[in-house]
Amino acid sequence: MMQEDRHLKIALSLFATLSIVIGAMLFMQYQVYSEQDNPTNMEFSYSQEIEITYREDSLDIRHHFKNLPNDSVEIVWPESAVDRNCFLEMEYSCTRLNDNKTEFQSGENRSQSISYIIPLEDGLTSEKLMNNIYASLKSGSVKYSTVHISTDSSVRGQWVTGLPQIGQQSLALVNYSMFRGTGQVRDLYWQESGLALQKKTDTLSIYANTNISVELGQTVDKLNEFGDEHIAIIQPNNIGLQKGYRMVFLPELTTATLQKEVLMAQVELLYTFVDSPVWLKNVIAMNLSGETFGTPRALAVVDTLMNEMTEEQQADWSSRIEGLKGKKVSPAILDEELSAVFGNHTEYLSMNVDAEETYPFMFNDQRDVYVNGVLTEEIDVILHEGKVLYTADALLHDIGYTTSVGSNGYYVNGETRVFRFPNAEHDFYVFNQRRYNTNTSPLSIIASTYYIEETWLQRLFLVDLQKDEQSIRITTTAQ
């Protein structure tokens, strides 16, 4: 009995020792893992101050980041930047900059500084926009920016950043300009002569070669303001297709063009557009402003939506567009919002992205479509004007027919069954050389795409349809 007790004590002692060893190893592994400085993917905001000095055909930049998070953050350098380095403004200016200069490591110092040079291949060229010349921080949004620009006294001209110009001064040896305001800056513009700040409001500056008219000034004062980020309107000497972040280039300053371009520039700042055509941005701008302008497709889409919606739905749609400010916007994302407004799924905007003709409004069935037991992605099922329609080409090919379009209509050929449907929606079709009159058209043409109506599909092409909540199953019964 005593020997068993002794063995038990030894076993417990070994177990306790082993537990301590394992615990220590786990703690060490945890410490190693915790000390690995992985840049944060969490969104955060910061402020920045940028000092630019033009010398010897390059921009020497000192970039100060402020109000940084304590987590590690990745630096996104401009592609053209050289001599990327720490800028030791004070003792702690670079304590978080790693050896590879790719990130600010975790730490409690909330201000860090870097320096870099942007070479200008052709030197400082008048009216040439310098794009994406500033560093930024991944996952970070800029709340406030200050930009200082210095040149020697021989370099005279107007600088534009998109931020409000606070002041400029010409001294004996140096020309100096300062800009400050909310939001990010990305680009820089310089024009050698003639250009000057002619009009400034809280959200808009106009740089022109001559004084602007009283009428245009009044238009600027009355413009709708959808955000607090400043925009610069620039009238260049030479007409060029330039587009800058927070900068709009207008060779002619008229009331109509100014209203449209300012609205579009504001919309570009308010939303992060992903794979979005110009007409979709026009749709957003018209909804926010109540103005009517844009591409023919944008005008058609807005007109269609307004005709489809009740007043309550229009208010809901506008509220949802407002709610997307500061977020990603794409045709698919807006379709989700439209679907919520109507209480039924639609892909109306997405279908119009690449379409040659503008699609009318319709709802889209989201269920999987199986043809003879095989899942197919090529068949769209839509609800349009009270009809359930299937994309004809893909479906008819899957059940053994060939299709073609000729001068007399749409042809469908099978081994023993041949059809012709008139190009326009008529009250007849031809089957095996015999004409049959109808009360409704079996075929519809929408935006140059052929669709076949569901009941006619079953009747003419001898298929069986089975539907449940997840799928639509189409099975051929005979030929």
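Throughout, numbering of the chain's residues begins at 1 and tracks the sequence. Bear in mind the structure is a predicted one, so any value in this text is a computation, not a measurement.
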Exercise: do Glu229 and Thr182 side chains pair donor with acceptor under 3.5 Å:
no
No-hydrogen, no-angle side-chain donor-acceptor test under 3.5 Å, Glu336 and His345
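No, no side-chain donor-acceptor pair sits under 3.5 Å.
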Is the shortest distance from a Lys or Arg side-chain nitrogen in Lys199 or Asp221 to a carboxylate oxygen in the other one below 4.0 Å?
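Salt bridge flag = yes for Asp221 with Lys199.
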Lys243 bridged to Glu268 by N-O distance under 4.0 Å
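Answer for the salt bridge query: yes.
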Counting distance only, does the side-chain N/O of Asp365 pair as donor-acceptor with the main-chain N or O of Ile382 below 3.5 Å?
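Side chain of Asp365 to backbone of Ile382: no pair is present.
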Set out, in order, the CA-CA distance, both residues' side-chain angles and the distance that settles ring-ring contact (aromatic ring centres under 6.0 Å, His included) for Phe363 and His384, then state yes or no.
CA-CA 7 Å; Phe363 294 111; His384 177 59; over 10 Å; no
Cation-pi between Arg84 and Tyr116: NZ/CZ under 6.0 Å from ring centre and within 45° of the ring axis?
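Arg84 over Tyr116 ring: no.
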Between Lys281 and Phe273, is NZ or CZ placed under 6.0 angstrom from the six-membered ring centre and within 45° of the ring axis?
yes
Going through the distances and angles, do Gln48 and Ser145 end up as a side chain to side chain donor-acceptor pair (under 3.5 Å)?
CA-CA 5 Å; Gln48 61 183 358; Ser145 294; 2.9 Å; yes
CA sep, side-chain torsions, deciding dist, call: Glu43, Ser139, side chain to side chain donor-acceptor pair (under 3.5 Å):
CA-CA 5 Å; Glu43 293 183 359; Ser139 301; over 6 Å; no
Could you tell me whether the side chain of Gln191 reaches within less than 4.5 Å of the side chain of Asn209, counting heavy atoms only?
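In short, these two side chains touch, coming nearer than 4.5 Å.
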Is any side-chain heavy atom of Leu59 less than 4.5 Å from a side-chain heavy atom of Ile117?
no
Closest non-hydrogen atom pair between [X] and [Y], with its separation:
X      : Y      : answer
Trp279 : Leu349 : CH2-O, 3.7 Å
Pro236 : Glu127 : CB-OE1, 3.3 Å
Asp57  : Leu124 : OD1-N, 4.5 Å

Look at the aromatic rings of Phe342 and Phe361 and report parallel, tilted or perpendicular, splitting at 30° and 60°.
tilted
When the ring planes of Phe44 and Tyr46 are compared, do they come out parallel, tilted or perpendicular, using 30° and 60° as the limits?
tilted
Between Ser471 and Asp468, is a side chain to side chain donor-acceptor pair (under 3.5 Å) present by the stated rule, with each step listed?
CA-CA 6 Å; Ser471 65; Asp468 57 35; 3.0 Å; yes
Tell me if the centroids of the rings in Phe65 and Phe104 come within less than 6.0 Å of each other.
yes
Flag if over 12 foreign heavy atoms under 6.0 Å of NZ, Lys143:
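Incorrect, the count does not exceed 12.
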Assess whether side chain to side chain donor-acceptor pair (under 3.5 Å) is satisfied between Thr203 and His230, documenting all intermediate values.
CA-CA 4 Å; Thr203 57; His230 199 80; 5.9 Å; no
Once rounded to the nearest 0.5 Å, what's the spacing between atom CD1 of Ile118 and atom OG of Ser80?
3.5 Å
For Trp77 and Ile114, run side chain to side chain contact (heavy atoms under 4.5 Å, CB included): C-alpha distance rounded to whole Å, both residues' side-chain angles, the deciding distance at 0.1 Å, then the answer.
CA-CA 10 Å; Trp77 292 93; Ile114 58 176; 3.6 Å; yes
Against Tyr176, only a single residue in Gln169, His148, Gln168 fulfils side chain to side chain donor-acceptor pair (under 3.5 Å); can you say which?
His148
